[in-house]
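One structure below.
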Amino acid sequence: MLERYKLFCYNHKTWIDSLQYVGYSIVLITLVTLVDLRILPIQDYIPSFMQTSVGLAKSILSTLAAALLTITTFTFSTILGVLTYYANAYSPRTIETFVKERITMKVLGIFIGGFFYSISALTFMRDNFEFDHVIAGFVAVIYSIISIVYFIIFVQKVIYSLQPVNLVSKLYEEGVAAIEEELERRAEAAKRFQAAPDWPAIEIRASQSGYLNVMNEEGLISALEDGGAWLTLTRRIGEYVPEHSCLARLQLDPKFFDCSKVEALKSEDEYIGKMGLPDEELQLEEGLESETEDEEKSKLEKLASDLSNCFFLQDNQVTAVDYRFAINKLVEVALRAISPGINDPSTAIHCIRKISLLLCKLAKSDHPKHSIASRENFHIDIDAYRIGEDLIDMFQPILHYGQADFMVMRALIEGLESIEHAACVSNKSEIEDFEDYVLAEVEEALPAQEFRWLKRYQARAERQQ
């Protein structure tokens with residue numbers, strides 16, 4: 001349940017960041033109104049300079065309401081302009097990086113909340129209070145000063161975000177955070193790694209299509225806590241899973257399950273195709289007349305359905321849990337930079353160096369597995385990506401589109417040398433194989449002289465490591 005809540009907050013972060021300040025303004029107008037209407041008897045304790053006449057308060061509030069509405073429209077137009085620039089100059093995936101910045105939605109929430117405060121406060125400015133003094137006008141002045149400060153911060157943030165080097169640095173930071181969590185999970189798995197037993201297995205199938213981002217780990221543990229099972233995910237975090245495709249393999253201990261019945265059920269293709277679907281879609285098959293077989297089959301259906309419902313699939317990827325998606329943003333920025341329309345190899349080279357630093361961290365891990373839970377009577381494991389797969393998926397697009405650019409290929413070779421130097425022994429062979437592949441491709445694309453220069457840079461990089 002906690003994982004689902006975190007995913008909801010991530011997907012609706014823009015709403016949360018903006019609406020919370022509207023909520024603050026509701027609390028503020030409530031307190032100010034209670035004071036001005038003398039419901040809260042603290043008027044005598046408020047300094048006189050904070051109190052204004054009703055007429056002056058009306059003037060301040062009406063002016064502030066109009067100004068905040070105008071500046072809100074201007075800010076929203078600025079945000080749309082920045083998003084358009086990000087999509088055209090960098091990548092549509094980088095839009096999320098700017099939108100999820102707290103200041104982006106925070107400044108909109110402050111302006112909208114200020115407009116709401118001003119309009120609401122004007123509603124309570126009655127003519128019969130003409131000779132009374134209120135604090136709504138003074139609070140509006142303080143609110144306007146805070147709004148100006150945040151608008152200045154927002155303008156500076158926009159200027160900062162439009163610079164390619166700052167965007168690359170931000171994407172790099174996102175990648176570092178995601179990779180550190182990934183390495184923690186791998187290190188934890190290495191401590192309690194066990195080889196999967198040779199038990200009969202059934203398949204857990206996806207009830208819908210989408211990217212596998214989050215799992216209800218507590219739900220998985222609860223479903224398997226009776227023991228006698230080993231769950232291995234055949235899909236990895238961030239991978240797209242088609243509907244009804246295999247999501248995991250559930251191996252069953254003969255001590256807890258009648259494996260002869262399991263084997264019989266496995267042979268029924270139609271039944272296996274329904275394993276893991278929601279409860280309302282599960283249908284009992286005809287042909288198993290034995291009461292024991294029906295009970296065993298119903299038990300497995302219930303278990304498979306419970307396990308399938310613990311996996312959350314959605315159409316968009318989540319950077320916080322998928323380090324490959326974080327690195328892919330840098331890859332797309334590099335590809336857009338070396339495209340003929342933009343032709344900015346310096347940005348592409350900077351991206352390659354940042355990608356290399358991220359892959360250096362991954363290359364140090366020699367245990368490509370996760371272990372969600374490991375108990376005496378059940379285990380839950382996930383396969384992780386090997387360093388060779390990461391190299392192909394991250395560097396192959398850059399190699400394909402940039403192999404004719406000597407400076408870009410030089411940065412790529414230097415990055416591979418850095419990754420190989422940082423890698424553990426078990427990963428070095430995969431890195432060397434990919435480097436040989438890169439050199440073979442580049443040799444055909446570059447002029448002979450440039451390729452000889454590239455080999456010299458490679459030798460120099462090897463000596464420097």
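If you're wondering where the values come from, they're calculated on a predicted model, not measured in any experiment.
- Within the 3.5 Å criterion, the main-chain N or O of Val241 finds no donor-acceptor partner in the side chain of Ser245.
- Side-chain contact between Arg324 and Met394: present, with at least one pair of heavy atoms (C-beta onward) separated by less than 4.5 Å.
- Here the side chains of Tyr21 and Leu108 are not in contact, with every heavy-atom distance at 4.5 Å or above.
- Atom CZ in Arg353 sits 6.0 Å away from atom CD1 in Ile349 (nearest 0.5 Å).
- A distance of 9.0 Å separates CG of Leu19 from CD1 of Ile16, quoted to the nearest 0.5 Å.
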Audit row: Tyr437, Gln396, side-chain contact (heavy atoms from CB on, under 4.5 Å) steps and yes/no: CA-CA 10 Å; Tyr437 164 73; Gln396 173 61 31; 3.1 Å; yes
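- Side-chain N or O atoms of Asp322 include none that pairs as donor or acceptor with a backbone N or O of Val318 at under 3.5 Å.
- Here the CG-OG1 distance, from Leu68 to Thr75, works out to 9.5 Å after rounding to the nearest 0.5 Å.
- Interatomic distance, CZ of Phe98 versus CD of Glu101, reported as 8.0 Å (0.5 Å rounding).
- Considering all non-hydrogen atoms of both residues, Ile39 and Pro41 come closest at O-CD, 3.4 Å.
- In this structure, Lys428 places its NZ atom where more than 12 heavy-atom neighbours from other residues, nucleotides or ligands lie under 6.0 Å away.
- Counting only heavy atoms from C-beta outward, the side chains of Leu391 and Glu430 never approach each other to under 4.5 Å.
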Stepwise side-chain contact (heavy atoms from CB on, under 4.5 Å) check, Glu332 with Thr94: CA-CA 9 Å; Glu332 292 188 5; Thr94 60; over 6 Å; no
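- The closest side-chain heavy-atom distance from Leu359 to Ile179 is not below 4.5 Å.
- Aromatic ring orientation, Tyr143 versus Tyr117: parallel (interplanar angle below 30°, classes split at 30° and 60°).
- For the residue pair Ala326 and Gly175, the shortest heavy atom distance occurs at CB-CA, 3.7 Å.
- Ion pairing between a basic and an acidic side chain is recognised when a charged N comes within 4.0 Å of a carboxylate O; Glu414 and Arg410 show such pairing.
- The closest donor-acceptor contact from the side chain of Gln314 to the backbone of Asn213 lies at 3.5 Å or more, if one exists at all.
- Crowding of Arg236 atom CZ: a count of heavy atoms from other residues, nucleotides or ligands under 6.0 Å exceeding 12.
- Leu28 contributes atom CG, which lies 10.5 Å from atom OG of Ser120 (distance to the nearest 0.5 angstrom).
- Nearest approach of Thr319 to Glu174, heavy atoms of both residues: CG2-OE1, 3.8 Å.
- Under the 30°/60° scheme for interplanar angles, the aromatic rings of Phe74 and Phe151 are found to be tilted.
- Looking at every heavy atom in both residues, Pro397 comes nearest to Ile392 through CD-O, 3.9 Å.
- A donor-acceptor contact shorter than 3.5 Å is absent between the side chain of Asn427 and the backbone of Ala422.
- Under a cut-off of 6.0 angstrom, the local environment of OH in Tyr401 is sparse, with at most 12 non-hydrogen atoms contributed by other residues, nucleotides or ligands.
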Residues Leu122, Lys58; criterion side-chain contact (heavy atoms from CB on, under 4.5 Å); working and verdict: CA-CA 6 Å; Leu122 280 172; Lys58 285 182 178 180; 4.2 Å; yes
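- Judged purely by atom type and a 3.5 angstrom limit, Tyr90 has no side-chain atom pairing as donor or acceptor with the backbone of Lys329.
- In this structure, Ile355 CD1 and Ile419 CD1 are separated by 9.0 Å, a value rounded to the nearest 0.5 Å.
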Steps toward side-chain contact (heavy atoms from CB on, under 4.5 Å) verdict (Leu335, Ile398): CA-CA 6 Å; Leu335 293 176; Ile398 298 176; 4.1 Å; yes
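- Between the Ser25 side chain and the Gly114 main chain, no donor and acceptor come within less than 3.5 Å of each other.
- No side-chain donor-acceptor contact under 3.5 Å links Ser59 to the backbone of Leu56.
- Annotation: side chain of Val176 is not in contact with side chain of Leu357 (no heavy-atom distance under 4.5 Å).
- Counted within 6.0 Å of CZ on Phe138, heavy atoms from surrounding residues, nucleotides or ligands total more than 12; the atom is thus considered enclosed.
- The two residues Ala140 and Leu61 come nearest to each other via the heavy atoms CB-CD2, 3.6 Å.
- Counted by atom type alone, Glu182 and Tyr385 present zero donor-acceptor pairs between their side chains at under 3.5 Å.
- Counting heavy atoms from C-beta on, the side chains of Leu212 and Leu233 come closer than 4.5 Å.
- The main-chain N or O of Asp36 is found under 3.5 Å from a side-chain atom of Arg38 such that the two form a donor-acceptor pair.
- Residue Ile95 is tested with Thr84, Val82, Leu83 for a side chain to side chain contact (heavy atoms under 4.5 Å, CB included); the sole match is Leu83.
- No more than 12 heavy-atom neighbours from other residues, nucleotides or ligands sit within 6.0 angstrom of CG on Asp315.
- In this structure, Arg93 and Phe325 have side chains that are in contact, with non-hydrogen atoms separated by less than 4.5 Å.
- At least one donor-acceptor pair closer than 3.5 Å links the side chain of Thr234 to the backbone N or O of Leu247.
- Checked by atom type and distance alone, the side chain of Ser18 never pairs as donor or acceptor with a backbone atom of Gly109 at under 3.5 Å.
- Residues Thr52 and Val134 are in side-chain contact: their nearest non-hydrogen atoms beyond the backbone lie under 4.5 Å apart.
- For the residue pair Ser209 and Glu243, the shortest heavy atom distance occurs at OG-N, 2.8 Å.
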